[in-house]
Protein chains: 2
Amino acid sequence: MAAELKKYKMKLRDHGLKVTEKRMTMIELFLNEDRYLSAKEVQEQLHKTYPSLSYDTIYRNLYTLKEIEVLENTNFEGEMQFKISCSDHHHHHFICEECGNTKVIHYCPVDTWQNELDDVEITNHKVELYGLCAGCK
Amino acid sequence: MAAELKKYKMKLRDHGLKVTEKRMTMIELFLNEDRYLSAKEVQEQLHKTYPSLSYDTIYRNLYTLKEIEVLENTNFEGEMQFKISCSDHHHHHFICEECGNTKVIHYCPVDTWQNELDDVEITNHKVELYGLCAGCK
DNA sequence: TTACAAATCGTAATGATTACTTTATAATAA
DNA sequence: TTATTATAAAGTAATCATTACGATTTGTAA
């Protein structure tokens, strides 16, 4: 097993979760595909290895892995999509609408916005850029 | 009829669309509720006046009104929601997670982001702030 | 190896959204 | 004002993502 997977095994154990084949295969899939995947895409990919994998398992694990910050998610094109969590500091993403690949954006002016709207309390925010990546332009 | 509604009547005509009772009532609803409404909320409100109003009509008109920029929409809480288009210049929204009311945000650093990711072409972006408004804090 | 809680399966239910055929209505011209 | 026509709406069914749940299997710790 690749060294990187051990890190994820430990993360599951640290949270009192079981290390199951399905979960590890799911994590491997996300490591190989560094972009947002829908539940359906996950099902299609994992169906090859586990023909009986149910949506119940897929959705439960997607959200479990999100809880422990292995994955991050966003509502993209009308459905919830997930990708491997790529950075340990606050960031947002650019998503290529052609190929789906993502790039991390570091600049985030949430403080400026909090300042502009000083009578509200911002508890959460979403920033997402869409367009064409260098390769797809 | 309120003077404001005439503006919307003309906008429909300018786009070659018919001015129907249902459409005008829908626009009135959005003018009265200055926040994001789901298709279901629109159905519940308009059901009082039009008990037979179908979802087909609701969805078609929501997207028609969005096309001509009478409404704007966003995917919020897992469903597509619509609100009256409130400003004629580029802007984003703060949405109160308690009462649903929105505030316009004027600052948008899309140029800064384009600069940070200078090898991609940003064609679209989403910025949304969530939290508690002054009243709900 | 056993026992138990957690995870998965298989399948059904739900809820938002879309599709489609028939019917009604707004706009236009005579 | 009326007839004509294209657009809009009704009524209903289908689709698709997501959730739910009882029965079964599996990972883990003793």
Side-chain angles (χ1 to χ4, degrees), chain A residues 1 5-6 8-29 36-68 70-71 73-82, chain B residues 1 5-6 8-29 36-68 70-71 73-82:
Chain A
M1 173 183 302
L5 284 181
K6 291 206 176 134
Y8 291 103
K9 269 193 165 181
M10 286 190 346
K11 195 154 193 174
L12 283 166
R13 292 221 173 87
D14 287 349
H15 286 83
L17 296 167
K18 291 184 179 174
V19 176
T20 67
E21 276 186 50
K22 320 269 160 94
R23 278 178 179 157
M24 294 313 293
T25 309
M26 198 177 275
I27 292 171
E28 278 187 275
L29 169 62
Y36 282 103
L37 300 176
S38 65
K40 193 182 169 201
E41 283 177 289
V42 171
Q43 197 279 328
E44 283 165 1
Q45 289 293 321
L46 298 193
H47 179 76
K48 298 167 189 167
T49 318
Y50 304 105
S52 66
L53 189 67
S54 78
Y55 272 103
D56 181 277
T57 300
I58 291 170
Y59 278 102
R60 190 168 20 72
N61 281 337
L62 289 174
Y63 282 99
T64 299
L65 293 174
K66 186 216 155 184
E67 285 308 309
I68 64 173
V70 168
L71 299 179
N73 67 345
T74 186
N75 203 307
F76 182 49
E77 292 177 341
E79 55 194 0
M80 193 55 79
Q81 304 206 12
F82 296 80
Chain B
M1 173 182 301
L5 284 181
K6 291 208 176 132
Y8 290 104
K9 268 194 167 182
M10 286 189 346
K11 194 153 195 176
L12 284 166
R13 292 220 174 86
D14 287 349
H15 286 85
L17 296 168
K18 291 185 179 174
V19 176
T20 67
E21 277 187 47
K22 320 269 160 97
R23 279 179 179 158
M24 294 314 293
T25 309
M26 199 178 274
I27 290 171
E28 279 188 274
L29 169 61
Y36 282 104
L37 300 176
S38 65
K40 193 182 169 200
E41 282 177 289
V42 171
Q43 197 279 329
E44 283 164 2
Q45 289 294 320
L46 298 192
H47 179 76
K48 298 166 188 166
T49 317
Y50 304 106
S52 66
L53 189 67
S54 78
Y55 272 103
D56 182 277
T57 301
I58 292 170
Y59 277 102
R60 189 166 23 71
N61 281 338
L62 288 174
Y63 283 99
T64 299
L65 293 173
K66 187 216 154 184
E67 285 308 310
I68 64 173
V70 168
L71 299 180
N73 67 346
T74 187
N75 203 306
F76 182 49
E77 292 176 341
E79 56 193 0
M80 193 55 80
Q81 304 207 11
F82 296 79

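Note on naming: letters A, B, ... go to the chains in the order of the sequence lines (proteins, then strands), and numbering restarts at 1 for each one.
- The distance from atom CG of N75(B) to atom C1' of dG15(C) is 14 Å, rounded to the nearest whole Å.
- The distance from atom OH of Y55(A) to atom C1' of dC21(D) is 19 Å, rounded to the nearest whole Å.
- Atom CE of M24(B) is separated from atom P of dA8(D) by 14 Å (rounded to the nearest Å).
- The 5' end of DNA chain C is approached more closely, in terms of each residue's nearest nucleotide, by L53(A) than by the other of R13(B) and L53(A).
- When the side-chain nitrogen and oxygen atoms of T20(B) are compared with OP1 and OP2 of dT7(D), none of them lie within a distance under 4.0 Å.
- In the set dA17(D), dA16(C), dA9(D), dA9(D) carries the atom at the smallest distance from any side-chain atom of N61(B).
- Closest to the side chain of A39(A), from the set dT18(D), dA8(D), dA20(D), is dT18(D).
- Spacing between atom NE2 of H15(A) and atom C1' of dG27(D) amounts to 19 Å, rounded to whole angstrom units.
- The side chain of S54(B) contributes no N or O atom lying less than 4.0 Å from OP1 or OP2 of dA9(D).
- Here K40(B) does not reach the OP1 or OP2 of dT17(C): none of its side-chain N or O atoms lies under 4.0 Å away.
- Using a 4.5 Å heavy-atom threshold, the side chains of I58(B) and L62(B) count as touching.
- In this structure, of dC20(C), dT18(C), dA17(D), it is dA17(D) that holds the atom nearest to the side chain of E79(A).
- Regarding Q43(B), its CD atom lies at a distance of 13 Å from the P atom of dT17(C), rounded to whole Å.
- For K11(B), the NZ atom is densely surrounded, since the number of other residues' heavy atoms within 6.0 Å is greater than 12.
- For the pair L12(A) CG and dA5(C) P, the computed distance is 21 Å after rounding to whole Å.
- A donor-acceptor contact under 3.5 Å is formed by the side chain of K18(A) with the base of dA5(C).
- E21(A) and Y50(A) form a side-chain donor-acceptor contact under 3.5 Å, judged by distance and modelled atom types alone.
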Legend entry - Test side chain to side chain contact (heavy atoms under 4.5 Å, CB included) applied to Q43(B) and L53(B), step by step: CA-CA 7 Å; Q43(B) 197 279 329; L53(B) 189 67; 5.7 Å; no
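- Applying the 4.0 Å criterion to OP1 and OP2 of dA16(C), one finds that S38(B) has every side-chain N and O outside that range.
- Applying the 4.0 Å criterion to OP1 and OP2 of dT17(C), one finds that Y59(B) has a side-chain N or O inside that range.
- Across the interface with DNA chain D, nearest-nucleotide mapping of L17(B) and P51(B) shows L17(B) to be the residue nearer the 5′ end.
- You'll find that the side chain of D56(A) is closest to dC21(D), out of dC21(D), dT8(C), dT18(D).
- Ring geometry for Y63(B) versus F82(B): interplanar angle over 60°, hence perpendicular rather than tilted (30 to 60°).
- Side-chain N/O atoms of R60(A) include none lying less than 4.0 angstrom from OP1 or OP2 on dA7(C).
- In this structure, E41(A) atom CD and dA17(D) atom C1' are separated by 13 Å, rounded to whole Å.
- Atom CZ in R23(B) sits about 10 Å away from atom C1' in dA9(D), given to the nearest Å.
- Exactly one residue among T64(B), T57(B), N61(B) makes a side chain to side chain donor-acceptor pair (under 3.5 Å) with R23(B). That residue is N61(B).
- Between S52(A) and dT8(C) there is no side-chain polar atom (N or O) within less than 4.0 angstrom of OP1 or OP2.
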